[in-house]
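Only one structure is covered here, and it is reproduced in the block below.
Every heavy atom of this structure was used, including side-chain atoms; hydrogens, water molecules and symmetry mates were not.
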Amino acid sequence: MEFSRNNLFDFFTKDRFTLLNGTLCLLIISCVHILLNGYEFGMGDQVIQIPIIKKLINPSLYPNDYLFTTIDGYVSFFPLLMAKLVLLFNDMKLIYYTIYILSLLIFYRAIFGIANLVFNRQVGIISVLLMLFLNPSLGGSVIYFSRLFPAQVVMPLALYSIFLYLSGKKKLAFIILGIGFNLHVLVSAFACFIIGVHSVTNFLKENEKLKSIIIYLILFLLMSLPSILRIVQSHEEIDNLAETLRIFKIQGGHHSFPSTWELNTWLTYFLFLLAGILAYFKTPFKKKPTFFVVSFFSIASLCFVGILFTDFFPSINIIKAQFFRSTNYLTIFVLMTLANAIHFFWDKNFLNRIVVSCLFLTLFLPITINSLVISIVSLLFVGQKRFYFSIPKLRVSRIHIIVACVLFVVIPSSIFLIMPEVLNLVLDLSKRHYLRVFSLSLVVLVLFSLTAYSLKTRRNIVFLGIVLILFTFPMMYSVFHSNDRYNMDWIEAQLWVKENTSKDVKLLTPPTEIGFRVYSERAIVCELKDGTQQYFKNEFGFQWWEKVNRLNPEENPFKNKSESELINIGKDYGAKYLVFYNDKDLSLKQVFRNDTYVVYQF
């Protein structure tokens with residue numbers, strides 16, 4: 001697959017164009033990423049992290065809230081870093097959004113860089129495109145989120161470290177990984193393990209000196225020392241292993257316990273790996289991607305240990321390590337291998353181009369079991385000179401035909417599954433007014449770049465493109481922080497509580513409604529999301545489970561509780577106010593009401 005000199009994606013190539021060209025392409029890709037995947041603030045695990053950051057800024061907030069007993073065991077300096085930035089710039093939302101965009105720029109630069117080093121430039125471009133949508137992984141994790149988390153910051157840094165490692169800048173790679181370890185232990189540790197195993201492999205092949213490996217390890221340990229010391233200091237002895245494991249399974253089963261996962265999860269990832277393995281063996285290489293092979297076996301070994309010491313011989317330390325999250329790296333390397341197959345088979349003949357196009361679409365759009373079936377069938381047929389029976393020669397083996405027929409009979413809807421996804425995507429994007437500005441900017445940019453031959457003209461066009469794209473990000477910021485994107489009744493109740501109650505009050509809120517601490521800046525009794533903190537303090541898990549069992553048992557959920565039950569719960573936990581649903585009136589003193597919620601005073 002050859003790309004002309006005037007092709008926009010050539011801007012990734014440093015040896016042909018200026019730094020401005022690469023910056024423009026990264027900005028465009030990051031902009032498209034946000035358009036396709038969205039952006040959120042105050043959602044997911046942020047409902048834990050944002051209150052912790054606010055607590056670090058103002059220690060008088062959230063007194064007597066049990067959540068903050070876990071801060072000492074929270075092995076990440078991310079909240080402290082964000083607290084310093086908020087104090088410096090005084091706008092948490094804008095800081096989160098800015099760091100999110102910067103992380104995307106580094107992420108896609110690293111993706112392109114790794115694929116370019118292992119394969120070539122075109123494979124790098126295809127890999128970037130395939131990463132625009134979420135891809136499968138195990139351990140309840142994703143490669144990136146639609147909101148900023150510590151993992152979202154460290155994953156791009158870890159991938160860029162891998163890029164530096166493959167480029168020969170190995171010391172710098174381990175230094176960055178060590179720094180990243182202080183922001184998110186697991187993401188950085190998995191990357192360090194992968195390139196560490198590769199370094200040992202090179203040593204065994206006499207391509208690496210033992211002295212160098214020791215230096216890499218020392219550099220990593222020095223940079224990560226603050227978090228290592230915190231891990232050692234926060235170590236706890238387990239008194240009741242059976243009960244601790246039970247609570248971990250309830251709240252963290254999707255992260256650490258494979259026995260709790262649905263068959264669909266296993267099947268999706270197995271088919272995805274099968275597609276990658278087919279691509280690896282069907283595509284000839286000028287140089288074998290040994291780093292990917294080593295990574296595959298490294299991650300497979302982590303997953304094997306994870307299965308062995310969670311469901312069979314449970315170990316709390318292994319459970320907390322969440323080894324299955326390392327499959328994020330495996331997913332990325334598999335996608336790059338598939339991108340290489342797409343690039344290699346594109347120029348074979350017209351029929352192969354049709355099959356390769358089908359393969360690209362099934363991987364580019366959100367991956368499902370059905371689309372993976374199409375990917376595997378495409379890989380089985382790609383590379384053939386003909387796709388039909390020719391007498392007396394048989395161009396396609398009977399095995400290929402039988403497998404394809406069985407798959408399409410068993411899953412008849414697979415070939416049509418992608419069309420609704422495409423239609424929904426187009427309809428969703430068409431509703432966003434800022435897309436017009438972005439589309440117009442991109443079209444004008446492409447047209448002018450295709451007709452401009454003067455280097456000076458091209459540079460001016462690139463500069464104009466960067467300016468236009470930079471104007472798009474503030475527009476997206478305003479849209480993604482608009483009132484109609486969030487549960488404003490929930491936020492409105494929080495803001496009233498913040499403005500009309502003292503900082504030392506505690507509230508009883510519906511445990512299934514998460515994030516009341518974010519805007520109210522007040523302590524609450526409990527919510528379901530709190531359970532994630534058991535990974536940082538074992539005793540906290542027992543406290544959380546005791547509260548959840550009382551507030552929201554299956555036989556008597558919170559919304560069905562009587563007024564007397566709510567009063568007793570509030571009294572036992574020291575709550576002064578109750579946030580409840582407005583479809584059920586209570587005789588308590590009502591101090592605030594909107595279309596969904598009511599705030600009562602006990």
Side-chain angles (χ1 to χ4, degrees), residues 44-45 48-49 52 66-79 137-142 149-152 154-155 158 177-178 180-194 196 220-221 224-261 298-299 301-329 528-545 548:
D45 285 353
I48 303 293
Q49 294 158 8
I52 290 177
Y66 81 129
L67 176 72
F68 298 93
T69 62
T70 64
I71 289 182
D72 292 339
Y74 194 70
V75 189
S76 172
F77 288 89
F78 178 81
S137 60
L138 299 177
S141 180
V142 293
F149 294 142
Q152 177 69 40
V154 178
M155 175 60 83
L177 284 176
F181 190 88
N182 296 300
L183 299 177
H184 197 287
V185 170
L186 300 183
V187 173
S188 183
F190 294 147
C192 185
F193 178 75
I194 291 169
F220 176 80
L221 292 175
S224 60
L225 188 59
S227 286
I228 291 175
L229 291 176
R230 179 171 281 191
I231 291 171
V232 173
Q233 292 171 357
S234 61
H235 177 73
E236 298 176 288
E237 296 296 332
I238 305 298
D239 296 326
N240 190 340
L241 180 60
E243 184 65 11
T244 300
L245 290 173
R246 189 175 74 86
I247 296 174
F248 263 107
K249 271 194 175 183
I250 292 170
Q251 175 60 27
H254 60 297
H255 288 314
S256 303
F257 293 89
S259 60
T260 65
W261 300 347
S298 300
I299 295 168
S301 66
L302 288 176
C303 292
F304 175 76
V305 172
I307 293 174
L308 192 64
F309 292 101
T310 54
D311 286 320
F312 295 98
F313 308 99
S315 166
I316 291 297
N317 291 329
I318 299 297
I319 291 170
K320 289 183 176 181
Q322 304 175 52
F323 283 168
F324 301 99
R325 289 193 171 198
S326 62
T327 55
N328 281 339
Y329 293 101
L528 293 182
K529 192 66 177 177
D530 294 348
T532 58
Q533 293 300 97
Q534 67 182 317
Y535 279 92
F536 307 108
K537 189 173 183 179
N538 296 324
E539 184 62 30
F540 178 83
F542 295 104
Q543 299 176 36
W544 169 78
W545 185 237
V548 168

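A donor-acceptor pair shorter than 3.5 Å cannot be found between the side chains of Y329 and S298. Between N538 and T244, the side chains place no donor N or O within less than 3.5 Å of an acceptor N or O (distance only, hydrogens not considered).
A 4.5 Å side-chain heavy-atom check between E243 and F542 finds at least one atom pair inside the cut-off. Side-chain contact between I316 and L245 is present, with at least one heavy-atom pair separated by less than 4.5 Å. Side-chain contact between F536 and I71 is absent, with no heavy-atom pair separated by less than 4.5 Å. In this structure the side chain of I319 never reaches within 4.5 angstrom of the side chain of K249, judged on heavy atoms. Side-chain contact between T260 and H254 is absent, with no heavy atoms from C-beta onward closer than 4.5 Å. A heavy-atom distance below 4.5 Å is found between the side chains of I247 and W544. Side-chain atoms of F248 and P314, non-hydrogen and from C-beta on, never get closer than 4.5 Å to each other. A heavy-atom distance below 4.5 Å is found between the side chains of F181 and I228.
In this view, R230 satisfies the side-chain hydrogen bond (donor to acceptor under 3.5 Å, both in side chains) rule with no residue, not counting sequence neighbours. By the side-chain hydrogen bond (donor to acceptor under 3.5 Å, both in side chains) test, Y66 pairs with D530, sequence neighbours left out.
Considering all non-hydrogen atoms of both residues, S326 and I299 come closest at OG-CG2, 3.4 Å. For I52 against P79, the heavy-atom pair with the smallest separation is CG2-CB, 3.8 Å. When all heavy atoms of H184 and P150 are compared, the pair lying nearest together is CD2-CB, 3.9 Å. Taking all atoms of both residues into account, the shortest heavy-atom contact from H255 to G139 is ND1-O, 2.8 Å. Across F323 and V305, no two heavy atoms sit closer than the pair CE1-CG1, 3.6 Å. When all heavy atoms of A151 and V187 are compared, the closest pair comes out as CB-CG2, 4.0 Å.
For the atom pair OH of Y535 and CD of Q251, the computed distance is 8.0 Å after rounding to the nearest 0.5 Å. Between M155 atom CE and F149 atom CZ the span is 14.0 Å, to the nearest 0.5 Å. Taken from OG1 in T532 to CG in D45, the straight-line distance is 5.5 Å, to the nearest 0.5 Å. Taken from CZ in F309 to OG in S256, the straight-line distance is 14.5 Å, to the nearest 0.5 Å. Separating the CD1 atom in I318 from the CD1 atom in I307 is a distance of 13.0 Å, to the nearest 0.5 Å.
Of the residues F190, F257, W261, F304, the one that meets the ring-ring contact (aromatic ring centres under 6.0 Å, His included) test with F324 is W261. The side chain to side chain donor-acceptor pair (under 3.5 Å) test with T70 singles out one residue from Q533, Q543, Q534, and that residue is Q533.
A donor-acceptor contact shorter than 3.5 Å links the side chain of S188 to the backbone of L177. In terms of modelled atom types and a separation under 3.5 Å, the side chain of S137 and the main chain of N328 share no donor-acceptor contact.
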